[in-house]
Each structure stands twice: as structure tokens, then as C-alpha cells.
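Labels below follow one simple rule: chain letters A, B, ... track the order of the sequence lines, proteins then strands, and each chain is numbered from 1. Atoms considered below: every heavy atom in the structure, side chains included; atoms not considered: hydrogens, waters and symmetry mates.
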There are 2 protein chains.
Amino acid sequence: MEDATGPKHDGPESGGQIDRRKGRMATDVASLLRERISTGEMPPGERLREVQLCEEFGVSRTPVREAFRTLAAEGLVDLLPNRSVVVSKLQADDVRHLIVVFAEVEALAARLACERITDDEIKEIGRLLNEMVDCHGQRERAAYLKLNQKIHRRTIEISGNPVLLAVWQSLAPQIERARALPNLDSSRWTDALFEHSKMFTALATRDGAQLAELTRQHFLNALPYINESIAESA
Amino acid sequence: MEDATGPKHDGPESGGQIDRRKGRMATDVASLLRERISTGEMPPGERLREVQLCEEFGVSRTPVREAFRTLAAEGLVDLLPNRSVVVSKLQADDVRHLIVVFAEVEALAARLACERITDDEIKEIGRLLNEMVDCHGQRERAAYLKLNQKIHRRTIEISGNPVLLAVWQSLAPQIERARALPNLDSSRWTDALFEHSKMFTALATRDGAQLAELTRQHFLNALPYINESIAESA
DNA sequence: GGCTTCAGTCTTGTATGCAAGATACCTTAA
DNA sequence: TTAAGGTATCTTGCATACAAGACTGAAGCC
């Protein structure tokens, strides 16, 4: 569209951070698309046309198509046979269902992490939490969210269960998508931070049952905000 | 290898139930491979060579490669860049981790299902359970396992949470793979059946908390048998 | 004997051709 | 004006050609 004289591929275009080494292109394309979908840059319902993405990334259709399969298995896009691939819809119900499951996944991770966490790791999480508090003070929401995700990811990693990590990784992008909805997170920002504080106390004292319950509630508390948020985005 | 004069494709070979309509081949190939991996017909570590599968299924490499991506996202195979795709290993630790997560997923489903199950659905599950008891009496293990999975699947469906269903579907093939290990299930057969009886009682009385706990234990009880079973298969 | 090197072969990764299904648009008739 | 139908165009799905990385094995060297 931007250039009708389509050069097939002449190197990475502006913004196309594709590693053109053999064997990584499909994976890289999947990562880039995953990122765009997670952040909401590609909103639910958007059609993904193969050739358009090919030209943008400077690759052929094959790696793009393979990336689609990966994303489809992750639930980020729907493959409509013989029709376009579209970013999967994020209905209010879906998000609610997602959060219920995610809360349980995180609760399990929290419980397991309490059994295994080292003193050093407790310090590490503590540092991250402090940074997060600072971000809140300076209203740096993007940085806050990055730290927030990092804390949760580290907790899963510390739990030492690779299956749990895999499940978490498959759901996390969807949660990020939901977070990109207006006001879902921001109206809960301060409360969420206090909850994190309490959670850290439970973690530092290795109180698994308590941490699991706090974690579960941390996510379930977001539920009431969902309807409002989805409605606004529509 | 078996036939150097490679005919590209001349219709579905013996056992190749590929629907050759446009738009379904990759999906069908994925289903067939998933089945083979789940049943243990393709054991962990087996290398999947593209051309070999192409010839067997009578399709080109493209749909096979796309199926690989799907299976990789499901964790059934590992994509080794520039090397073969291999059926992912099923280590003792992996199975243990898998069961811990699966138990929680099923427990959540059980709790949610209790809130929503109708009287008719209770009758339906009851019928399935009775059939299962009959299978046990006649030592028909394969039929028993099919019914067993059906009961669990119906429970997830009744829970009414599509995200939970998606997670369950991504883990279930791995559980089936573990079940294919020698003696993992058979030595627990009778006990497992009694546990199912108790679980049904909780379900029929819609006692969510009780059913969740029974379900969790039902899976965790298998843990002690894992080591032994994995050792035997190695 | 064991290790390294290098050529040949094998297997995978990417690009592209071609056909089938889907979409859009234009014509035509009521 | 609207609805129906048909055609042109677009987009996807599959097959296949070609290239790059990985493997194999034999020869040469220590």
C-alpha cells in the first residue's frame, strides 16, 4: 500500500527487527506479532494479511504463515480457513474466564514458590517491589507494568515447575491484552500495589497458603472492573 | 528410503485419513500426529522427518511443517532449529510437574462445574461412571480409559469456562502420554475407580469444595507411581 | 589410536508458482 | 432503488525449487 512497486525483500525495513538467519525468522515474526497483539497495537478483530506483513517484515509468506500457526495455538489469533487470520476477540466473558483461570495458576505458583524460594530471591523480589512503588510514586505506568509482570514471572520461575511456566506463558499475553483495555488496571493501581505489599510479606515469611489466597484475590479483585472496561473499549 | 521413485502424492495411503480439501490438511496432519504422540505410538525422542511424513500422508511439506508449529505450541514436540523435530521427552520430573498443574486445573473445573451442573448432566455423568465400572469388571482397560477421559472432559465443559477448556486440552494429550507408560495407571486402577465414585457423590450433591479436593487428590495420588513407571519404560 | 578437516549428502528453512475459495464490484432486472 | 447474479480480483492453501545449515564418513595429521 505504502509502496506499490513491491520489492520482494531488501533487508529489514524500519522497525522490522527480524533476524534473517535461517531458522529464526518464523519465530521472530511470531514474537513481533505477539508483542503487537499483547499491547493492543493490533486490536481484536483486526485482519492480518499475509502479503502485507511479508512486505513489512521483509520476509516471504512462509515464515509468516508458520508464525500464524504458533499464535493460533496460543489463542491470540483465529485461523479462518481460506479467509484471513484475525486477532481473536476479547469479550468481557472471555476476560472474566481468563482471570479466573489465571488467578488459580498464579495461586499455585505462589504456593510452590514459597516452598522453594531462597533468601537471595526474596531480596530480589523485594527490590523489584520497591522499584514498583517508586514507579507508582512517579506515575510511570508503563515501567510499573513491566516490573509487575517481572515479579509475577519470577515467582513462576521460582516455583520450579516448567509445565506451570508454560501454561502461564500461554495465558500471560492475553492478560496483557486485557490490561491494555482502558482503565482496567489504572483505576485499581493503588489498591493493586497495596496487595502486592501484602503478598510480599507472605512470600518473605514463606507462608504459602496465605500467599496463594492473596494472589488469587489479587486477580479476582479485578473482575468487577472488567465489564466497565470492556464497555468503554467498545 | 523405502521407495526411491517417490511419487509425490497419489491419494491417501493406507491409514492416511487426510481430508484433502483446501484449508484442512495442516489441521488434519496435526490431529493425526497428536493422536500418535498421545498414544505413545510415536515415543518421546522420536525424530519426525518431514519428507517421510509427507509421503505417508500424501501431502507436501508445507502442511506438515505447519502442523509441527501447532504441536510445538502444545508442547508435544520440540523444534530444533535446522535439525529435526522430535517428540518431546517425558521425564519423570516433567510428569510430576504436569500432574501437579493438571490436578489444580481439574480441581478448579470441578468447583466451577458444581455451581452450574444441571440434573440431566448429573445423570449423564452417572451413566458414564456406571459404564466405567462395567469396563473395570470386564478388564477392558482401553474402553475404561476412553470413558475416564470423557468424564473429565465433560466436567470441564460443564464448568463453562472456555479458557479452562483450552488449558485442559493443551495438557490432556501429555497426560495421555504419561498414561501410556507401563503400569502407571493399571496399578492404581481399582483405587482410581473408587475415587471416581466418591467424586461423583460430591458432584451429585454439588459440593464444590469437597469435589475439588477429591479431584486434586485423585491426580496427586498418582505421583508415587511415576518414578517406578518412568524407570520401567527406560 | 584418536583427533581434525573437509567433501558429499541429507534435512530443514525460505521463497515463489499455481490453483481454489472468498470478496468486491458491476451489471441487470424487478 | 434494491436485490440477484456473474465476473474480476484478491487472498489464502498447497506444492515445489533452491539455498543454508547439519550430519556422515573418509582421509590426513598428530
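Atom P of nucleotide dG13(C) and atom CZ of Arg69(A) are separated by 16 Å, given to the nearest angstrom. Per the geometry, CD belonging to Glu50(A) stands 12 Å off C1' belonging to dC10(D), to the nearest Å. In this structure, Asp28(A) places its CG atom 13 Å from C1' of dG13(C), rounding to the nearest Å. In this structure, the CG atom of Leu80(B) is 22 Å from the P atom of dA20(D), given to the nearest Å. Taking atom CD of residue Gln52(B) and atom P of nucleotide dC10(C), one finds them 15 Å apart after rounding to whole Å. Rounded to a whole Å, the CG atom of Asn82(A) is 12 Å from the P atom of dA20(C).
Regarding contacts with the backbone of dA15(C), a side-chain N or O of Ser60(A) is found under 4.0 angstrom from either OP1 or OP2. Under 4.0 angstrom from either OP1 or OP2 of dG21(D) there lies no side-chain N or O belonging to Arg83(B). Of the side-chain N and O atoms in Arg20(A), one or more sit less than 4.0 angstrom from OP1 or OP2 of dA15(C). The side chain of Arg65(B) places an N or O atom within less than 4.0 Å of a non-bridging phosphate oxygen (OP1 or OP2) of dG13(C). Considering only side-chain N and O atoms, Thr62(A) lies nowhere under 4.0 angstrom from the phosphate OP1 or OP2 of dT16(C). Of the side-chain N and O atoms in Arg49(A), one or more sit less than 4.0 angstrom from OP1 or OP2 of dT11(D).
For Arg61(B), the listed nucleotide lying nearest its side chain is dA17(D); candidates were dG21(D), dA15(D), dA17(D). Picking from dA15(C), dT11(D), dC14(D) the nucleotide with the shortest atom distance to the side chain of Pro63(A) gives dA15(C). Distance from the side chain of Ser84(A) is smallest for dT12(D) among the nucleotides dT12(D), dG13(C), dA15(D).
Using a 4.0 Å heavy-atom cutoff across all strands shown, Leu48(B) reaches sugar-phosphate atoms only and no base atom. As judged by a 4.0 angstrom heavy-atom cut-off over every strand, Arg24(A) is placed among residues touching the sugar-phosphate backbone only.
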Chi angles and distances behind the side-chain contact (heavy atoms from CB on, under 4.5 Å) call for Val105(A), Leu108(A): CA-CA 5 Å; Val105(A) 168; Leu108(A) 174 59; 6.0 Å; no
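Note: His218(B) and His152(B) have parallel aromatic rings, judged against thresholds of 30 and 60 degrees for the angle between ring planes.
Take the nearest nucleotide of DNA chain D for Arg21(A) and for Arg47(A): the residue whose nucleotide is more 5' is Arg47(A). Residues Pro81(B) and Ala26(B) both approach DNA chain D. Their nearest nucleotides, taken by heavy-atom distance, put Ala26(B) toward the 5′ side. Nearest-nucleotide positions on DNA chain C for Lys22(B) and Glu66(A) put Glu66(A) closer to the 5' end.
With a 6.0 Å radius and a threshold of 12 heavy atoms from other residues, nucleotides or ligands, Arg24(B) has its CZ atom at or below the threshold.
Residues Phe57(A) and Leu33(A) meet the side-chain proximity criterion, which asks for heavy atoms closer than 4.5 Å. Under the 4.5 Å side-chain criterion, counting only non-hydrogen atoms from C-beta, Glu104(A) is in contact with Arg111(B).
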